[in-house]
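In what follows, a structure is listed as structure tokens, so that the remarks can point back to it.
Both ligands and their constituent atoms are indexed starting at 1 by order of listing.
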Amino acid sequence: MNILIAGYGKMGKIIETLAIERGHRIAAAVDPFYNGEKTASGALVFKDIAGLDRAGGATAIDVAVEFTRPDTAATNIKALAERRIPVVTGTTGWLAQLEEVSKAVNAAGSSLLWASNFSLGVNLFYRIAEFAAKLADPFPEYDVGGCEVHHNKKVDSPSGTAKTLVEKVLAQMTRKKTAVYDKLDRPPAADELHYASLRVGATPGVHSLTFDSPADTIEITHTARGREGLASGALTAAKWLAEGPGGKARQGVFTMDDVLESVL
Ligand SMILES: NC(=O)c1ccc[n+]([C@@H]2O[C@H](COP(=O)([O-])OP(=O)(O)OC[C@H]3O[C@@H](n4cnc5c(N)ncnc54)[C@H](O)[C@@H]3O)[C@@H](O)[C@H]2O)c1
């Protein structure tokens, strides 16, 4: 595949390395911070997508992999959709705009695949958590909550993974209705699920879910060892999106669940 890297930061760089290992080509990159420079594999970095247009580069791209910032992802996705470039985005913190962005993607006849976490392990963890929540629901003595830990450079909290995890758990439970991510100066209500965030050091990501009763505790935890698993999942998703049935790019808005479903 000819890949556009949108956001040549920590994730963008790992994705480039892995993409080359898998036999793909980096057609170009877009990142205002590296404007005019070249990526490790020699692709030109443009300031923005309009800059890529001026260089005539937008036509030779099969898929864009977007890992930028919460305040810029929606604009990037819409600009790529207008050019009918399928986008895989892992940027977190922009999902309040998902509905508006999805409309724009569908109106352009393009495609978007988003996931707050692309690692295979986390996506399996979501399913384990859903099953655990469903099992625990009839037993009110088991309260439910959790916490996540990330490195001290992360700009948003709670993590997008935590939000997705909590939404999936809430969807399986009748006695928990609302997520509370803030510091609490009161006991949580019985139908609230409290989920906390800690920012410290270099941790690539830990997500825990706890079922706690007067008698015992059941805990499930996903611990990431690094970013490679995330980059690998994003590339798998990019191939799934760009090479759909008949080798053509799929159209519409998808998540990592769709990729997993097609494997399962
Ligand atoms: N979904 C996942 O699996 C997953 C995994 C890791 C990180 N993330 C998320 O991905 C995002 C990026 O993470 P990171 O660790 O690579 O961050 P980073 O800060 O290392 O890199 C972000 C890059 O985006 C660039 N950028 C800023 N504005 C831009 C724009 N308008 N167009 C193009 N590039 C722009 C920055 O210059 C920077 O180089 C964050 O939101 C993070 O939470 C998601």
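Close approach to M11 involves these atoms of ligand 1, each under 4.0 Å from a residue heavy atom: 6 (C), 7 (C), 16 (O). Of all atoms in ligand 1, listed by their number and element, those nearer than 4.0 Å to a heavy atom of V30 are 33 (C), 34 (N). With ligand atoms numbered from 1 in the order given, ligand 1 contributes 39 (O) to contacts under 4.0 Å with heavy atoms of Y8. The distance from ligand 1 to the heavy atoms of G7 drops below 4.0 Å at these ligand atoms: 24 (O), 33 (C), 34 (N). Atom numbering of ligand 1 starts at 1 in the shown order; those under 4.0 Å from a heavy atom of F33 are 37 (O). Residue-ligand proximity, P32 to ligand 1, at heavy-atom distances under 4.0 Å covers atoms 29 (C), 30 (C), 32 (N), 33 (C), 34 (N), 35 (C). Near N117, meaning under 4.0 Å from one of its heavy atoms, ligand 1 places the atoms 1 (N), 2 (C), 3 (O). For ligand 1, the atoms closer than 4.0 angstrom to any heavy atom of K154 are 43 (O).
At the top of the distance list for atom 37 (O) of ligand 1, counting protein heavy atoms only, stands D31 OD1, 2.7 Å. Of the protein's non-hydrogen atoms, the one nearest atom 5 (C) of ligand 1 is L230 CD1, 3.5 Å. When hydrogens are left out, the protein atom nearest atom 19 (O) of ligand 1 is K10 NZ, 4.0 Å; that is the closest non-hydrogen contact. Closest to atom 27 (C) of ligand 1, if we only count protein heavy atoms, is R69 CD, 3.8 Å. At the top of the distance list for atom 12 (C) of ligand 1, counting protein heavy atoms only, stands T68 O, 3.1 Å. Among all non-hydrogen protein atoms, the one lying nearest atom 21 (O) of ligand 1 is G9 CA, 3.2 Å. Protein heavy atom at the shortest distance from atom 4 (C) of ligand 1 is F67 CE2, 3.5 Å.
At least one N or O atom of G90 sits closer than 3.5 Å to an N or O atom of ligand 1. Between S119 and ligand 1, no N or O atom pair is found at a separation short of 3.5 Å. Residue-to-ligand polar distances keep Y34 apart from ligand 1: every N/O pair is separated by 3.5 Å or more. Inclusion of R227 in the set of residues having an N or O under 3.5 Å from an N or O of ligand 1 is not warranted. Any N or O atom pair closer than 3.5 Å counts here, and T92 shares at least one such pair with ligand 1.
Side chain of D212 to main chain of D143: no donor-acceptor pair is present (N/O by atom type, distance under 3.5 Å, no hydrogens or angles). Here the side chain of T89 pairs a donor or acceptor atom with the backbone of E66 at under 3.5 angstrom. Side chain of K176 to main chain of E192: a donor-acceptor pair is present (N/O by atom type, distance under 3.5 Å, no hydrogens or angles).
The heavy-atom pair separating G145 from Y195 by the smallest distance is C-CD1, 4.4 Å. Across every non-hydrogen atom of V63 and A242, the tightest pair is CB-CB, 4.0 Å.
Under the side chain to side chain contact (heavy atoms under 4.5 Å, CB included) test applied with L209, the options I218, I128, I220, T221 reduce to a single match, I220.
With sequence neighbours left out, the salt bridge (charged side-chain N to carboxylate O under 4.0 Å, His left out) criterion links R22 to no other residue.
Evaluation of the side-chain hydrogen bond (donor to acceptor under 3.5 Å, both in side chains) test over residues 242-253, restricted to residues two or more places apart or in two chains, returns K239-E243.
Electrostatic pairing of E148 and K154 does not count as a salt bridge here, judged by no charged N lying under 4.0 Å from a carboxylate O.
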Please report the C-alpha distance between N152 and R199 in whole Å, then the side-chain angles of each, then the deciding distance to 0.1 Å, and finally whether the side-chain hydrogen bond (donor to acceptor under 3.5 Å, both in side chains) criterion is met.
-> CA-CA 5 Å; N152 60 17; R199 295 291 170 260; over 6 Å; no
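Using bins of under 30°, 30° to 60° and over 60° for the plane-to-plane angle, the ring pair H222/F125 lands in the tilted bin.
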